[in-house]
Amino acid sequence: MDTQHKRKILLAEDDSDDAFFFFDFLHNRSDVDLLPSVTDGVEVIEYLNATSSAGDLPDVIVLDQNMPRLTGKETLDHIKSSEKYGNIAVAIYSTYVGPQLIEECLQLGAVIVETKPVTKEGYNKMMDAILEKAVEGRKGENGG
Amino acid sequence: MEEVTDTIYAIRAGQVDALVVQGKDGHELYTLKTADHTYRVFIETMNEGAVLLSSDGLIVYCNSMFASMVGLPLSAVIGMAFTEFVASQSANAYQNLFRQGWTEDNKIELMTKGATGLIPCQLSVNALELDEGVSLSMILTDLTVQKENQRLLEQNIEQLAQTNAALEISNHDLLQFASVASHDLQEPLRKIMIFAGMLKDRHAEDLPGTSLQQLEKIINSSNRMKRTIIDILTYSRLSTTNDSFVLTDLNELVADVLSDFDLIIDEKQVLIQVDALPTIEVNQGQMRQVFQNLINNAIKFSRAGVRPKLTISSTTRSVLGLGQEMQAPVCSISIADNGIGFNEKYAEKVFSLFHRLNTKNAYEGSGIGLAITKRIIDRHNGTIKAQSEEGVGSTFTIKLSSKQKR
């Protein structure tokens with residue numbers, strides 16, 4: 001993957017304020033390309049299915065855990081068990097993240113599972129961590 | 001001759017109080033008031049049924065209590081086989097007892113055919129060497145009342161268990177509620193904090209000084225609320241998660257916790273003395289929190305103008321169980337400070353939820369820390385006590401077994 005290339009980030013978030021924070025704090029980053037967000041897991045699947053060319057697929061999907069219809073974890077499970085989208089890095093975030101959720105989501109293949117940040121710095125740190133883990137994941141796949 | 005035998009039986013059976021004998025000078029009255037009589041009265045009036053069996057299991061003697069238990073006249077009982085009074089479900093147990101009773105004392109519970117139905121009895125036997133040969137003495141204790149009490153007790157225990165289960169469910173619901181409520185409170189609170197932060201970062205220069213101060217107050221209050229919510233969540237989670245106890249060197253754990261306080265320890269010039277601590281079985285995450293809370297309090301509630309001093313010490317005592325067996329040693333760990341202290345009448349109250357002894361303005365905190373601490377110690381089957389004197393300092397003493405039950 002071209003490291004100079006901006007990573008395409010898809011956010012699934014049903015809370016419009018949280019979607020606003022995400023864009024407001026991250027849109028200035030040079031290393032990301034924020035795709036228009038969707039509001040739940042079903043829309044994520046629909047979005048992926050509607051994307052015809054593999055090159056247009058997002059590099060990273062950030063899922064809110066508490067969403068209607070499909071929760072973050074369920075969506076993660078769905079993505080990771082798909083042959084077509086299984087390579088996409090998935091991050092889960094939520095207002096409150098318990099140890100059980102962390103363990104289950106990491107097991108399912110999430111790159112990070114984090115509490116929603118409260119500051120701009122927090123958001124940027126979270127995105128740094130996601131991108132770093134996403135690259136590690138790719139390297140791991142190439143190596144294996 | 002038969003008359004003589006009958007008379008002797010009658011005397012033995014206790015039916016005879018006196019004998020009239022035709023003597024030289026007319027009728028003579030002989031009472032049976034001898035030492036023997038005392039024993040007879042004693043046996044006759046006792047609450048237990050007393051029976052003497054011959055080697056072939058026939059009743060050669062019984063007291064009136066036994067006769068009334070089985071609802072027959074004394075004279076009818078004598079000579080009967082004891083097995084006739086044993087209910088079918090106890091027949092085997094009785095046969096074993098009868099066989100072994102000749103060589104060793106023994107007791108069993110059995111059902112006896114009584115006057116009005118089956119009677120649960122305790123039957124104890126021992127062999128007696130008497131003039132007329134070896135007999136088996138049997139004492140029957142009516143267990144009807146005892147059994148009834150036992151049944152009531154079991155019923156009460158059952159009821160208690162049901163109440164307990166209901167209580168546990170309601171307790172669980174309550175904690176679930178606390179957990180959900182705190183979770184849902186975090187969401188809007190987080191937004192208040194972010195929006196307030198945005199206002200401050202982007203418009204600090206546009207706002208008049210007082211407005212900026214008020215904005216700071218919003219942010220500070222939000223931070224305090226966030227801490228409270230997290231504490232409530234921690235407290236409620238303590239009851240819902242399973243405990244896993246791991247053998248832990250408390251020296252390491254305390255050193256680790258102290259390193260989190262490096263900054264404030266430097267700033268306040270806190271004198272710290274930690275004695276050798278034991279290695280015991282604890283839930284590490286929870287025990288870390290205990291020391292965090294107690295050390296935090298010791299430093300937080302320091303006296304103005306006095307260099308804070310924190311002493312952590314421990315003693316270990318071996319314990320003998322009821323049966324004199326050695327039990328796991330009990331460790332007593334003290335965390336002492338020379339801070340502001342508190343009136344000892346609050347020594348119990350400090351551990352209750354949301355209990356604060358000082359104003360929020362003077363000392364920050366949610367009022368949950370010691371409640372969490374106590375709950376953790378409770379879950380380790382230990383105790384925690386506070387001793388304190390105003391203006392002198394406080395000592396918190398934890399007692400924990402070095403081993404946890406599995």
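Note: hydrogens, waters and symmetry copies are ignored here, and every other heavy atom, side chains too, is used. Please read all numbers here as calculations on a predicted model, not as lab measurements. Lettering of chains follows the sequences in order, A, B, ..., and the numbering in each one begins at 1.
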Report task. Rounded to the nearest 0.5 Å, what's the gap from CG on B:Leu294 to CD1 on B:Ile335? Could you check? Result -> 4.5 Å

Donor-acceptor pairs under 3.5 Å, chain A to chain B, main chain and side chains both?
residue: A:Asp15; atom: OD1; partner: B:Lys191; partner atom: NZ; Å: 2.8
residue: A:Asp15; atom: OD2; partner: B:Lys191; partner atom: NZ; Å: 2.4
residue: A:Asp17; atom: OD2; partner: B:Lys191; partner atom: NZ; Å: 3.3
residue: A:Asp18; atom: OD1; partner: B:Arg190; partner atom: NH1; Å: 2.8
residue: A:Asp18; atom: OD1; partner: B:Arg190; partner atom: NH2; Å: 3.0
residue: A:Asp24; atom: OD2; partner: B:Arg202; partner atom: NH1; Å: 2.9
residue: A:Asp24; atom: OD2; partner: B:Arg202; partner atom: NH2; Å: 2.5
residue: A:Tyr96; atom: OH; partner: B:Arg237; partner atom: NH1; Å: 2.2
residue: A:Pro117; atom: O; partner: B:Arg190; partner atom: NE; Å: 3.0
residue: A:Pro117; atom: O; partner: B:Arg190; partner atom: NH2; Å: 3.4
residue: A:Tyr123; atom: OH; partner: B:Arg190; partner atom: NH2; Å: 2.7

Report summary line: Taking a cut-off of under 4.5 angstrom between non-hydrogen atoms, the residues of residues 31-50 of chain A near chain B are none

Report summary line: dist A:Phe22:CZ -> A:Ile9:CD1 (nearest 0.5 Å) comes out at 6.5 Å

Query - Heavy-atom closest pair, residues B:Val270 and B:Ile264 - result: CG2-O, 4.4 Å

Query raised in the report: Are side-chain heavy atoms of B:Ile280 and B:Leu247 found at a separation under 4.5 Å?
Result: no

Requested in this report: Heavy atoms only: give me the nearest A:Val118-B:Met193 pair and the separation to one decimal.
Outcome: CG1-CB, 3.7 Å

Query - Beyond-backbone contact of A:Val90 with A:Val111, side-chain heavy atoms, under 4.5 angstrom - result: no

Query raised in the report: Looking only at heavy atoms, which two atoms of A:Leu63 and A:Ala12 are closest? And how far apart?
Result: CD2-CB, 3.7 Å

Query raised in the report: Can you name the nearest heavy-atom pair linking B:Ile194 to A:Pro117, along with the distance?
Result: CD1-O, 3.7 Å

Requested in this report: Determine the minimum heavy-atom distance between A:Cys105 and A:Val113, stating which atoms define it.
Outcome: CB-CG2, 3.5 Å

